[in-house]
Amino acid sequence: MARPLPQIASFLLALIAAHAGLATAGPMAPGELPALSATVPVEAVPSDRSTATGVPTSALADVDWAAEIAGRLAALRDRPRPADAALASDPTLEALQHRLAAVVRRVGGARIGVHVRDLDNGRTLFDHHGDERYNPASNQKLVTAIAAVELLGPGYRFRTRVLRRDDTLVLVGEGDPSLQLTDLHALASEVIAAGAHHGVRRIAVDDSAFSPEHHGPGYSPQGDGASYTAPSGALSLAFNTAVVTIRATTPGQLASIDLGPPGAHLRLQGEVRTGRGRPLHVASRDADDLTVIEVDGALPAGHAPVTIRRRIADPGLFTGHAFAEVLHQLVEAHDDEWIPLPVIREQAGPHAREVATHFSAPLVEVLASSLKFSNNFTSEQVLRTLGWRMSGEPGSWATGRAAVLALWDALGLDRADLEFENGAGLSRHGRVSPRALVALLARTREEGSPAAALMPTLASAGGEGTLSRRMTGSDGRVRGKTGTISGVSALSGVAASADGRAALGFSVLINGGGAAKSHRRLQDRVVLALLGHLDRSP
């Protein structure tokens with residue numbers, strides 16, 4: 001198998017730190033439960049790489065996903081449902097309730113909603129305005145992720161293909177949020193091994209699995225191109241961000257600038273001086289189907305390299321040009337007359353033949369970047385894929401929303417508890433109640449539930465993800481999803497007993513004034529009180 005060329009390898013090194021969470025939520029503003037740090041098995045993926053339905057991935061196109069999802073929804077509607085349990089009360093619980101009430105009073109002038117439930121018997125242990133709706137910020141990602149694994153299955157895999165039609169290679173995307181340059185390299189190597197590159201005059205990108213819009217409700221294409229606002233597309237690469245690495249040189253001279261991934265879609269404009277001068281500024285903008293990266297300012301001599309990521313303009317063309325460059329570099333090693341091929345947007349058509357295929361990791365693994373590290377881009381890609389598979393129409397925020405609401409209804413949740421705008425929670429209009437979030441988390445505790453496979457993908461207190469520096473003494477007993485945008489702080493998740501036999505679901509949503517740091521401390525006090533209660537319970 002061919003190895004990545006040096007130009008590609010250098011870009012891959014720059015991406016390592018970005019893989020987890022370069023597109024975060026916004027500007028920083030009954031039975032034994034497996035240990036929360038353990039891996040929960042997903043559906044088996046045998047050597048033929050079957051999907052969640054047991055259908056070989058080679059026959060993925062033959063799956064009637066609308067019927068598959070309809071069957072899953074029907075099964076959810078027909079499952080036995082535990083009756084809602086009243087607010088529990090006994091001396092031990094009363095002590096917990098008094099302690100939590102005291103914590104809640106410290107919130108000051110902000111609005112706070114708290115709901116705590118025993119996930120095994122359904123008893124409500126504490127509720128403070130838990131039926132009211134709040135902006136959840138990135139806690140919205142829990143809704144999207146649970147809907148996706150329930151309706152597509154934890155073992156669902158995204159597919160990216162290369163097809164040959166006459167003198168055109170067609171790169172076809174199906175929404176993979178995790179596609180990286182190494183995957184394009186593997187596809188190109190497969191094309192060359194099959195001899196399918198001979199006589200090719202162009203590359204076409206087919207991203208018709210999604211609707212044409214790239215920015216969903218709640219997102220703005222304006223600004224300096226922050227990575228957390230990366231666009232969405234059926235054919236996407238590297239979280240749809242460009243990586244700009246700036247290195248200081250000799251004082252007074254131009255700094256060295258590397259831009260990746262390689263490809264004709266990216267254009268660099270401006271310069272950076274080594275030494276004193278204006279603060280460093282890097283932005284991206286759309287210019288005639290290209291992404292222009294604008295740089296300005298200065299970098300002090302001796303300064304460590306600076307790496308900045310900016311969103312790109314057109315996901316399909318960005319990916320297509322990167323594929324064209326990878327193919328060029330691989331073929332050029334044997335044919336120095338080969339030149340990079342032009343890239344157009346065009347559907348594959350019915351007569352194209354498949355020459356190379358890439359499958360992603362299982363959905364539950366892909367979702368780790370969304371839940372553990374709060375990557376917005378992954379959530380929006382998954383939402384639109386869910387909408388596409390359920391409706392049979394190009395995936396959009398409207399079809400994705402319809403799929404989420406269908407799951408919501410099938411679980412017996414009240415639509416009044418949810419106002420859904422986008423999949424990631426980067427929104428000023430999205431709302432959900434703490435009670436509803438805990439009801440969703442209860443699904444992770446039900447025997448045989450696909451949602452149970454999500455537990456290891458949540459951040460672990462004191463471990464990996466956005467909770468790495470919070471509740472560090474909790475010994476892996478807390479898994480949760482954080483959420484932060486200006487004026488919003490959220491934490492929802494599961495706290496377990498030391499032996500894993502008991503689990504409490506919690507949601508603490510805070511909207512309004514006050515320091516985010518103090519709000520996070522308050523949320524941590526709530527969760528630590530739950531751990532203390534579990535330790536004192538028989």
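If you're wondering where the values come from, they're calculated on a predicted model, not measured in any experiment.
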### Query
Regarding Arg431 and the six-membered ring of Tyr134, is the cationic atom NZ or CZ under 6.0 Å from the ring centre and inside 45° of its axis?
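Because its charged atom misses either the 6.0 Å distance or the 45° angle limit, Arg431 does not stack over Tyr134.
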
#### Entry: Cation-pi geometry met for Arg415 and Trp408 (6.0 Å, 45°)
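That pair does not qualify as a cation-pi contact.
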
### Task
Show your reasoning for whether salt bridge (Lys or Arg N to Asp or Glu O under 4.0 Å) applies to Glu346 and Arg165.
CA-CA 11 Å; Glu346 192 172 80; Arg165 189 197 64 226; 2.4 Å; yes

Should [X] and [Y] count as an ion pair when the cut-off is N to O under 4.0 Å?
{"X": "Arg267", "Y": "Glu294", "result": "no"}
{"X": "Asp206", "Y": "Arg345", "result": "no"}
{"X": "Arg164", "Y": "Glu354", "result": "no"}
{"X": "Asp176", "Y": "Arg159", "result": "no"}

### Task
Show your working on salt bridge (Lys or Arg N to Asp or Glu O under 4.0 Å) between Asp166 and Arg201 and close with a plain yes or no.
CA-CA 9 Å; Asp166 300 327; Arg201 300 178 59 188; over 6 Å; no

Is it the case that the side chain of [X] and the backbone of [Y] share a donor-acceptor pair, with hydrogens and angles ignored and the cut-off at 3.5 Å?
{"X": "Asn511", "Y": "Val488", "value": "no"}
{"X": "Thr378", "Y": "Asn375", "value": "no"}
{"X": "Thr274", "Y": "Ala301", "value": "no"}
{"X": "Thr168", "Y": "Val170", "value": "no"}
{"X": "Thr385", "Y": "Gln381", "value": "yes"}
{"X": "Thr399", "Y": "Gly395", "value": "no"}
{"X": "Asn135", "Y": "Ser427", "value": "yes"}
{"X": "Arg157", "Y": "Phe359", "value": "no"}

### Message
For the residue pair Ser489 / Gln523, report whether a side-chain donor-acceptor contact shorter than 3.5 Å exists.
### Response
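Present: a donor and an acceptor within the cut-off.
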
### Task
Using distance alone, with no hydrogens and no angle criterion, decide if Gln269 and Arg285 have a side-chain donor and acceptor under 3.5 Å apart.
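The criterion, which ignores hydrogens and geometry beyond distance, is satisfied for Arg285 and Gln269.
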
How long is the gap from [atom1] on [X] to [atom2] on [Y], to the nearest 0.5 Å?
{"X": "Lys481", "Y": "Ser138", "atom1": "NZ", "atom2": "OG", "result": "4.5 Å"}
{"X": "Leu467", "Y": "Arg520", "atom1": "CG", "atom2": "CZ", "result": "10.5 Å"}
{"X": "Leu367", "Y": "Ile146", "atom1": "CG", "atom2": "CD1", "result": "10.5 Å"}
{"X": "Lys141", "Y": "Ser374", "atom1": "NZ", "atom2": "OG", "result": "3.5 Å"}
{"X": "Thr144", "Y": "Asn139", "atom1": "OG1", "atom2": "CG", "result": "11.5 Å"}
{"X": "Leu341", "Y": "Ile203", "atom1": "CG", "atom2": "CD1", "result": "5.0 Å"}

#### Entry: Residues Arg401, Glu421; criterion side-chain contact (heavy atoms from CB on, under 4.5 Å); working and verdict
CA-CA 8 Å; Arg401 178 180 183 274; Glu421 184 173 31; over 6 Å; no

Do other residues, nucleotides or ligands put more than 12 heavy atoms under 6.0 Å from [X] [atom1]?
{"X": "Leu254", "atom1": "CG", "value": "yes"}
{"X": "Arg428", "atom1": "CZ", "value": "yes"}
{"X": "Asp167", "atom1": "CG", "value": "yes"}

### Working for side-chain contact (heavy atoms from CB on, under 4.5 Å), residues Leu169 and Leu327
CA-CA 11 Å; Leu169 285 177; Leu327 188 65; 3.9 Å; yes

Can you give me the closest heavy-atom contact between [X] and [Y], atom names plus distance?
{"X": "Asp183", "Y": "Ser178", "result": "OD2-O, 3.8 Å"}
{"X": "Gly173", "Y": "Ala209", "result": "O-CB, 3.8 Å"}
{"X": "Ser507", "Y": "Leu437", "result": "OG-CD1, 3.6 Å"}
{"X": "Thr457", "Y": "Ala368", "result": "CB-CA, 4.0 Å"}
{"X": "Glu419", "Y": "Arg133", "result": "OE1-NH2, 3.2 Å"}
{"X": "Ser284", "Y": "Ile293", "result": "CB-CD1, 3.6 Å"}

### Task
Please report the C-alpha distance between Leu152 and Arg389 in whole Å, then the side-chain angles of each, then the deciding distance to 0.1 Å, and finally whether the side-chain contact (heavy atoms from CB on, under 4.5 Å) criterion is met.
CA-CA 8 Å; Leu152 296 175; Arg389 289 304 195 187; 3.9 Å; yes

### Task
Would you please test Thr466 and Thr482 for side chain to side chain donor-acceptor pair (under 3.5 Å) and show each step?
CA-CA 7 Å; Thr466 57; Thr482 59; 2.8 Å; yes

### Message
Which label fits His321 and His265: parallel for a plane angle under 30°, tilted from 30 to 60°, or perpendicular past 60°?
### Response
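Because their plane-to-plane angle is under 30°, the rings of His321 and His265 count as parallel.
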
Taking the side chain as every heavy atom from C-beta outward, state whether [X] and [Y] have any pair of such atoms under 4.5 Å apart.
{"X": "Phe318", "Y": "Pro261", "answer": "yes"}
{"X": "Val382", "Y": "Leu363", "answer": "yes"}
{"X": "Arg310", "Y": "Asp224", "answer": "yes"}
{"X": "Arg311", "Y": "Tyr228", "answer": "no"}
{"X": "Val306", "Y": "His303", "answer": "yes"}
{"X": "Leu441", "Y": "Ser492", "answer": "yes"}
{"X": "Leu418", "Y": "Gln140", "answer": "yes"}
{"X": "Ile257", "Y": "Val244", "answer": "yes"}

### Message
If you apply the rule ring pair (Phe, Tyr, Trp, His ring centres under 6.0 Å), what do you find for Phe210 with Trp397, and how did you get there?
### Response
CA-CA 10 Å; Phe210 286 2; Trp397 280 271; 8.2 Å; no

#### Entry: Derivation of the side-chain contact (heavy atoms from CB on, under 4.5 Å) call for Leu386 and Leu407
CA-CA 11 Å; Leu386 180 56; Leu407 184 279; over 6 Å; no

### Query
Which residue, His214, Glu213, Arg384, forms the side-chain hydrogen bond (donor to acceptor under 3.5 Å, both in side chains) with Ser232?
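Single side-chain hydrogen bond (donor to acceptor under 3.5 Å, both in side chains) partner of Ser232 among His214, Glu213, Arg384: Arg384.
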
